[in-house]
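Quick notes on the structure that follows.
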Protein chains: 2
Amino acid sequence: MEKYEKYIEILKKNGMKVTPQRIDIMKYLDEHRIHPSAEKIYSDLKEDNPSLSKTTVYNTLEALSEHHIIQILTISGSELRYDFKTTPHHHFMCKKCGAIIDIDVDCPYLGKFMGMGHRIDEMHGYFKGVCKDCLEKEGRGENPLKTEMNIVSEV
Amino acid sequence: MEKYEKYIEILKKNGMKVTPQRIDIMKYLDEHRIHPSAEKIYSDLKEDNPSLSKTTVYNTLEALSEHHIIQILTISGSELRYDFKTTPHHHFMCKKCGAIIDIDVDCPYLGKFMGMGHRIDEMHGYFKGVCKDCLEKEGRGENPLKTEMNIVSEV
DNA sequence: ATTTTATTTTGTAAATATTACAATTTGAAA
DNA sequence: TTTCAAATTGTAATATTTACAAAATAAAAT
Ligand SMILES: [Mn+2]
Ligand SMILES: [Mn+2]
Ligand SMILES: [Zn+2]
Ligand SMILES: [Zn+2]
């Protein structure tokens, strides 16, 4: 795995200095599409680079997101999660196991919102519930949404 | 303003004890549809009830959300915001002034997601940008989304 | 109306995530 | 090679949320 060129390219294209920490963090996000937290990125990368600072992780994530190289997900509510993929897509979070997975659809409402006069910079579609794997382990249980809206299709 | 009956009804219907603090918090959320934070609810209500505890605010918000009397928004990323309205709708947050406003649309993807085998309990549509008012004060500026996807309609 | 009891409220302390800051290091331009 | 703005590091501070135990109280039982 010696493919750093990809990340160096991206950094240079954005006028950012190329540092080993930035390359490591980008590579980690690119190869771990689980939308990890800053803490997970830090603790995993620290194994191979013990001098890595948590502040560097936060600084880097902030810088990358400002350049739209990564996007920040607020789906969890307790910690920010980071996504190497910046093209619009939705996310599902399992409240049992914490997994966050991509849902590849694009939102049909963007045009409508633009017409309201606001400037839209980001859009996030978040769904929360219990994932297929967890359901198979623990049973399907109740679906709170069903009581409050009409479900289009049931599995 | 002596309409506590509404909130008492809701609490009783959900098998929750009726307390003045819970009534105050529900009434506040019902009458302040700005999706306030726990801190804002606390500091505003504390003026009329100086013995109110912040823990009570958090406990109450947690209890109300578990009974689906309110919903929790993770749109901000730095603090949770609370919404008395629980029927599905989207939100827009202005990154300049912090305002969060309702967008009344419903998501056409719910059926598709259900078909994937996950149990969906919540859905959140979050849009972020700069609101109309802030734009009029400070100019429209750049729209980062425009570079990454095709905008359907521009104002 | 009084007693009883499980629940709620309260205040403080602890936990967690994130940011601020100053000293040191370093990437890259000169 | 020298220079220097920018990045990294470690620590301290901040902010939000949760844990916990004692006191208060809503509501059920008497
Ligand atoms: Mn994603
Ligand atoms: Mn709302
Ligand atoms: Zn799961
Ligand atoms: Zn605004």
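Naming convention: chains lettered A, B, ... in sequence-line order (proteins, then strands); numbering from 1 in each chain.
Two residues, A/Arg22 and B/Ala38, neighbour DNA chain D, and the one matched to the more 5' nucleotide by heavy-atom proximity is A/Arg22. Both B/Ser78 and B/Pro20 sit near DNA chain D, but only B/Ser78 has its closest nucleotide nearer the 5' end.
Ring pair B/Phe84/B/Tyr7 is perpendicular by interplanar angle, where above 60° counts as perpendicular and below 30° as parallel. Between A/Tyr126 and A/His91, the ring-plane angle classifies as tilted under the 30° and 60° cut-offs.
Heavy atoms of A/Ser37 sit nowhere under 4.0 angstrom from any nucleic acid atom.
Residues from residues 43-62 of chain B that place a heavy atom under 4.0 Å from any atom of DNA chain C, listed by number: B/Ser51, B/Leu52, B/Ser53, B/Thr55, B/Thr56, B/Asn59, B/Thr60.
Going from atom CG of A/Leu80 over to atom P of C/dT16 covers 17 Å, rounded to whole Å. The interatomic distance linking A/Lys17 (NZ) with C/dG27 (C1') rounds to 5 Å, in whole Å. Rounded to a whole Å, the CD1 atom of A/Ile72 is 10 Å from the P atom of C/dT18. Atom CD of B/Glu79 and atom P of D/dT16 are 6 Å apart (whole Å). When the C1' atom of C/dT9 is taken as reference, atom CG of B/Asp24 falls 13 Å away, rounded to whole Å. Taking atom CD of residue B/Glu66 and atom P of nucleotide C/dT7, one finds them 14 Å apart after rounding to whole Å. Taking atom CD1 of residue B/Ile23 and atom P of nucleotide C/dT8, one finds them 14 Å apart after rounding to whole Å. Separating the CG atom of B/Leu64 from the P atom of C/dT8 is a distance of 11 Å, rounded to the nearest angstrom.
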Report task. Give the intermediate values and the outcome of side-chain hydrogen bond (donor to acceptor under 3.5 Å, both in side chains) for residues A/His35 and A/Asp102. Result -> CA-CA 9 Å; A/His35 314 92; A/Asp102 283 338; 2.9 Å; yes

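Atom NZ of A/Lys54 and atom CG of A/Leu52 lie 10.5 Å apart (nearest 0.5 Å).
Salt-bridge annotation for B/Glu9 and B/Lys13: absent, with no side-chain N of the basic residue lying under 4.0 Å from a carboxylate O of the acidic one.
For the residue pair A/Asp44 and A/His32, no side-chain donor N or O sits within less than 3.5 Å of a side-chain acceptor on the partner.
Counting only distance, with no hydrogens or angles, the side chain of B/Arg81 and the backbone of B/Ile75 share no donor-acceptor pair below 3.5 Å.
Phosphate proximity of C/dT26 to A/Gln21: absent, as no side-chain N or O sits under 4.0 Å from OP1 or OP2.
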